[in-house]
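What follows is a set of notes on a single structure, which appears directly below.
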Amino acid sequence: ALSSLSFFVPVINAIKDGKKVYAMVAPAAEGQLGANVTMGDFKQALIIILSGTVGSLGFSYVFQAPKRRTLINLLGGLLVCCVYVLSDYLSDRVFFINFFPALAATIYAEIMARIAKTPATVFYITALVPMIPGGLLYRTMDAAVSREWESFMTRGSETLYTTLGLAVGVSLVSGILHLSLQKKKKI
């Protein structure tokens, strides 16, 4: 294993001497994120990040966002998915797992809105698309229609906390920004 620069010297010397040198590349992610993070967790996080980012990009295209804003929308989706994965790792509370990505999306959207001179809504909606609890809401309603009340209550509370986390994250940033802009206007 070439874990240090000093290990390269013998390999380079072997190549210079005409010896056959074989190399194998292995990912070094295992153990890098702590003892509790497995390769399965790492793969799952990558799937969430990639699929969510592509979802934001797809939503941007479906709703015909201007092409010059495609990269901004893509980066917003990427940011939200990364914050979601990190929040999910750090917390077991559904509210906070969804609150922090919404907070990040809204801060990002407000910054991009100032730069692009476009309403922030354009940016945070595309960024938050991966967070919409559509499947969770469907399973909640399916449990209600099937009269599986215990499942309905469990999934219903998870849907409620997910939605509240998103709403409070967006509202908090928007409210603070609105109040600060109002205060500036009075001065």
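Heads up: numbering here begins at 1 and tracks the sequence.
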Show me the side-chain donor-acceptor pairs of residues 165-179 shorter than 3.5 Å, one per line, residues at least two apart or across chains.
| from | atom 1 | to | atom 2 | distance (Å) |
| --- | --- | --- | --- | --- |
| Ser171 | OG | Ala167 | O | 2.7 |
| Ser174 | OG | Val170 | O | 3.0 |

side-chain hydrogen bond (donor to acceptor under 3.5 Å, both in side chains) partners for Ser91, two or more places apart: none

Provide the closest heavy-atom pair for [X] versus [Y] in the form atom of the first, atom of the second, distance.
| X | Y | result |
| --- | --- | --- |
| Ala144 | Phe152 | CB-CD1, 3.4 Å |
| Pro130 | Gly52 | CG-O, 3.1 Å |
| Ala102 | Leu128 | CA-CD2, 3.8 Å |
| Phe59 | Ile125 | CE2-CG2, 3.7 Å |
| Ser87 | Pro101 | OG-CD, 4.0 Å |

Residue Tyr161 excluded, over 12 heavy atoms near OH under 6.0 Å: no

In one Ile/Leu/Val/Met/Phe/Trp/Tyr side-chain cluster, 4.5 Å: [X], [Y]:
| X | Y | result |
| --- | --- | --- |
| Ile111 | Leu181 | no |
| Tyr84 | Val54 | no |
| Ile49 | Tyr89 | no |
| Phe95 | Leu136 | no |
| Leu74 | Phe123 | yes |

Looking at CG of Leu137 and OG1 of Thr163, how far apart are the two atoms once the value is rounded to the nearest 0.5 Å? 7.5 Å

Spacing of Ile97 atom CD1 and Asp92 atom CG [to the nearest 0.5 Å]: 7.0 Å

So Arg93 and Phe99, do their side chains get closer than 4.5 Å, heavy atoms only? no

What pairs meet the salt bridge (charged side-chain N to carboxylate O under 4.0 Å, His left out) rule with one or both residues in residues 158-175, with sequence neighbours excluded? none

Determine which pairs satisfy side-chain hydrogen bond (donor to acceptor under 3.5 Å, both in side chains) with at least one residue from [range], sequence neighbours left out, and list them in order.
| range | result |
| --- | --- |
| residues 135-149 | Thr140-Thr159 |
| residues 51-63 | Ser60-Asn73 |
| residues 96-114 | Glu110-Arg114 |

Please check: side-chain N/O of Thr118 versus main-chain N/O of Ala116, any donor-acceptor pairing under 3.5 Å? yes

